[in-house]
Chemist: 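For reference, the structure I am asking about is given below.
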Amino acid sequence: MDDQTRMLGLGGGLGALSQADVGDPDSARKQQALGQPQQDIGDILQQIMAITDESLDEAQARKHALNCHRMKPALFSVLCEIKEKTVLSIRGVQEEDPPDPQIMRLDNMLLAEGVSGPEKGGGSAAAAAAAAAAGGSPNDGSIEHSDYRAKLAQIRQIYHSELEKYEQACSEFTTHVMNLLREQSRTRPISPKEIERMVAIIHRKFSSIQMQLKQSTCEAVMILRSRFLDARRKRRNFNKQATEVLNEYFYSHLSNPYPSEEAKEELAKKCGITVSQVSNWFGNKRIRYKKNIGKFQEEANLYAVKTAVDAANVSAQASQANSPATPNSGGYPAPCYTPDGRL
DNA sequence: ACCAATGATTAGTG
DNA sequence: CACTAATCATTGGT
């Protein structure tokens, strides 16, 4: 035992004990003066082991006596140390948890969506930015975003209140456990370090619950996104003039209705829409025209006449110049645009 | 309320 | 990456 105590580096307490063991008369006298029986570690352990065999009152009294024993702190630290070296070391190895990549992802997304970020101003700006970046949808999107933002704010509010609830519950539980452990540490070898570790465990458990919250919040945001930011749901028909311009181009280039990038830009400008909208329009137009040429015959004629008239005006002005873009001037053309493609 | 028209998205292709 | 074809979701006329 002496060796062991020295190895454990224990201080005065046990040193004094060993002295008492040897029967230092001075120490014995002091103990007598304090009214405590002389005893060694073996006796103490004996008492501890026997404590369950005694009546409750006896046990309480014994416990109190043991608690007040001057050897108690030393014993306590020994037991703590032994415990530390056995049980806890097993778990202590994998203690340092690297930040969970999953929760990092969720956090990043929530931040990007403006759910978990700063409150009003920054949040909505971030949301708008995220929306613009993700959708790529070139809608000017000023009206529809108000609705979106309202819903997002709702989600944010729920998220925050839930988060607060969790945090509160967590801290409540933590303090409860800490109090319990502190209380217990009067009779059981529970070191502050162990309490700390227990707190960490609790926090991890709660953070996994939080992750569920974050996950479901993310899902809610995604659904909201797809509901509100999908441009299909906020479609506006182009105005008459715009469709007229587009149709004019389409039917006057029926043989090759593929506007160049420049032409698209020009059309976009004329129609007050974006280039990709022009591309969409031509894509739709081509496929729908091809699918049912008959249905579009009337329209084709209309625009053919229109361009013919324009061409006529132009050529009238320009005397005899051959306008290059009047493939169908005159009659009603069997459309040059065939399903197989460009002529 | 129904349905054709229509702008936008998506998967697939060269 | 531009394009086609299919499809979605809304608009607007009836």
Side-chain angles (χ1 to χ4, degrees), chain A residues 109 112-114 124 126-152 154-155 218-307 324-325 327-328 332-343:
Chain A
M109 173 172 169
E113 296 296 337
S124 50
S137 50
N139 287 354
D140 62 345
S142 44
I143 313 121
E144 53 259 36
H145 272 173
S146 68
D147 214 2
Y148 172 78
R149 266 194 297 226
K151 296 275 185 189
L152 190 70
Q154 207 175 325
I155 290 176
C218 274
E219 270 170 39
V221 171
M222 294 306 274
I223 291 167
L224 183 73
R225 263 269 209 81
S226 66
R227 270 204 78 70
F228 278 81
L229 267 37
D230 184 345
R232 279 184 291 210
R233 297 178 187 274
K234 287 290 169 190
R235 185 173 66 76
R236 287 283 110 97
N237 289 355
F238 300 152
N239 60 41
K240 256 217 159 91
Q241 186 229 322
T243 45
E244 205 148 303
V245 170
L246 293 167
N247 272 317
E248 242 168 71
Y249 187 98
F250 180 78
Y251 286 110
S252 64
H253 297 74
L254 246 194
S255 58
N256 185 32
Y258 296 84
S260 67
E261 198 57 35
E262 284 171 357
K264 281 182 193 171
E265 272 167 36
E266 175 123 9
L267 287 166
K269 206 189 248 179
K270 262 199 232 175
C271 299
I273 60 180
T274 67
V275 174
S276 58
Q277 281 178 304
V278 173
S279 299
N280 284 341
W281 190 92
F282 272 88
N284 283 322
K285 191 72 184 181
R286 281 190 298 262
I287 196 69
R288 283 162 184 165
Y289 180 85
K290 186 181 100 174
K291 260 190 169 173
N292 192 351
I293 294 177
K295 197 171 70 182
F296 288 90
Q297 199 58 252
E298 202 180 331
E299 192 177 68
N301 296 341
L302 194 96
Y303 283 101
V305 169
K306 201 177 285 215
T307 52
N328 304 324
Y332 287 167
C336 308
Y337 177 56
T338 64
D340 311 310
R342 320 92 228 238
L343 251 228

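Here is the naming used below: chain letters follow the sequence lines, and residue numbers restart at 1 for every chain. Atom set for the values below is all heavy atoms of this structure, side chains included, hydrogens, waters and symmetry mates excluded. Given the structure is predicted, the values throughout are model-derived calculations rather than measurements.
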Chemist: Can you tell me if A:Gln277 touches the phosphate of B:dG7, counting only side-chain N or O atoms and a distance under 4.0 Å to OP1 or OP2?
Modeler: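 No.
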Chemist: Toward the 5' end of DNA chain C, which comes first, A:Arg236 or A:Pro259, by nearest nucleotide?
Modeler: A:Pro259
Chemist: Between atom CG in A:Asn239 and atom P in C:dT11, what is the gap in whole Å?
Modeler: 16 Å
Chemist: Could you check whether atom NZ of A:Lys285 has more than 12 heavy atoms from other residues, nucleotides or ligands sitting under 6.0 Å from it?
Modeler: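 Enclosed.
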Chemist: State whether A:Lys290 places a side-chain N or O below 4.0 Å from either non-bridging phosphate oxygen (OP1 or OP2) of C:dA5.
Modeler: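 Yes, because at least one side-chain N or O of A:Lys290 sits under 4.0 Å from OP1 or OP2 of C:dA5.
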Chemist: Looking at B:dA8, C:dA5, B:dT6, which one has an atom nearest to any side-chain atom of A:Asn284?
Modeler: B:dA8
Chemist: Taking the minimum atom-to-atom distance to the side chain of A:Lys295, which one of B:dA5, B:dG7, C:dT4 wins?
Modeler: B:dA5
Chemist: In whole angstrom, what separates A:Asn237's CG from B:dT6's P?
Modeler: 7 Å
Chemist: Once you measure the plane-to-plane angle for A:Phe250 and A:Trp281, does it fall in the parallel (<30°), tilted (30-60°) or perpendicular (>60°) bin?
Modeler: perpendicular
Chemist: Specify the separation, in whole Å, of atom CH2 of A:Trp281 and atom C1' of C:dA2.
Modeler: 18 Å
Chemist: Is A:Lys264 near enough to C:dA2 that one of its side-chain N or O atoms lies under 4.0 angstrom from OP1 or OP2?
Modeler: no
Chemist: Quick check on B:dG7: is either OP1 or OP2 less than 4.0 Å from any side-chain nitrogen or oxygen of A:Lys285?
Modeler: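 No, because none of the side-chain N or O atoms of A:Lys285 sits under 4.0 Å from OP1 or OP2 of B:dG7.
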Chemist: Base, sugar-phosphate or nothing for A:Arg288? Non-hydrogen atoms, less than 4.0 Å.
Modeler: base
Chemist: In whole angstrom, what separates A:Phe238's CZ from B:dA5's P?
Modeler: 18 Å
Chemist: Does some side-chain heavy atom of A:Tyr289 sit less than 4.5 Å from a side-chain heavy atom of A:Tyr251?
Modeler: yes
Chemist: What's the verdict on side-chain contact (heavy atoms from CB on, under 4.5 Å) for A:Gln277 and A:Phe238, showing C-alpha distance, side-chain angles and the deciding distance?
Modeler: CA-CA 10 Å; A:Gln277 281 178 304; A:Phe238 300 152; 3.5 Å; yes
Chemist: Within this structure, what is the CG-to-P distance between A:Leu267 and B:dG7, rounded to whole angstrom?
Modeler: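 Checked: the CG to P distance equals 14 Å.
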Chemist: Taking 4.0 Å as the cut-off, does a side-chain nitrogen or oxygen of A:Tyr258 come that near to OP1 or OP2 on C:dT4?
Modeler: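 Yes, A:Tyr258 has a side-chain N/O under 4.0 Å of OP1/OP2 on C:dT4.
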Chemist: Please indicate whether A:Glu248 has more than 12 foreign heavy atoms, meaning atoms of other residues, nucleotides or ligands, lying under 6.0 Å from its CD.
Modeler: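 Correct, the count exceeds 12.
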Chemist: Grab the CG-C1' distance between A:Asn280 and C:dT4 for me, whole Å please.
Modeler: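 Rounded to whole Å, this separation is 13 Å.
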Chemist: Rounded to whole Å, how long is the line connecting atom CZ of A:Phe250 with atom P of B:dG7?
Modeler: 13 Å
Chemist: Find the distance A:Lys291:NZ to C:dC3:P and express it as a whole number of Å.
Modeler: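 Checked: the NZ to P distance equals 19 Å.
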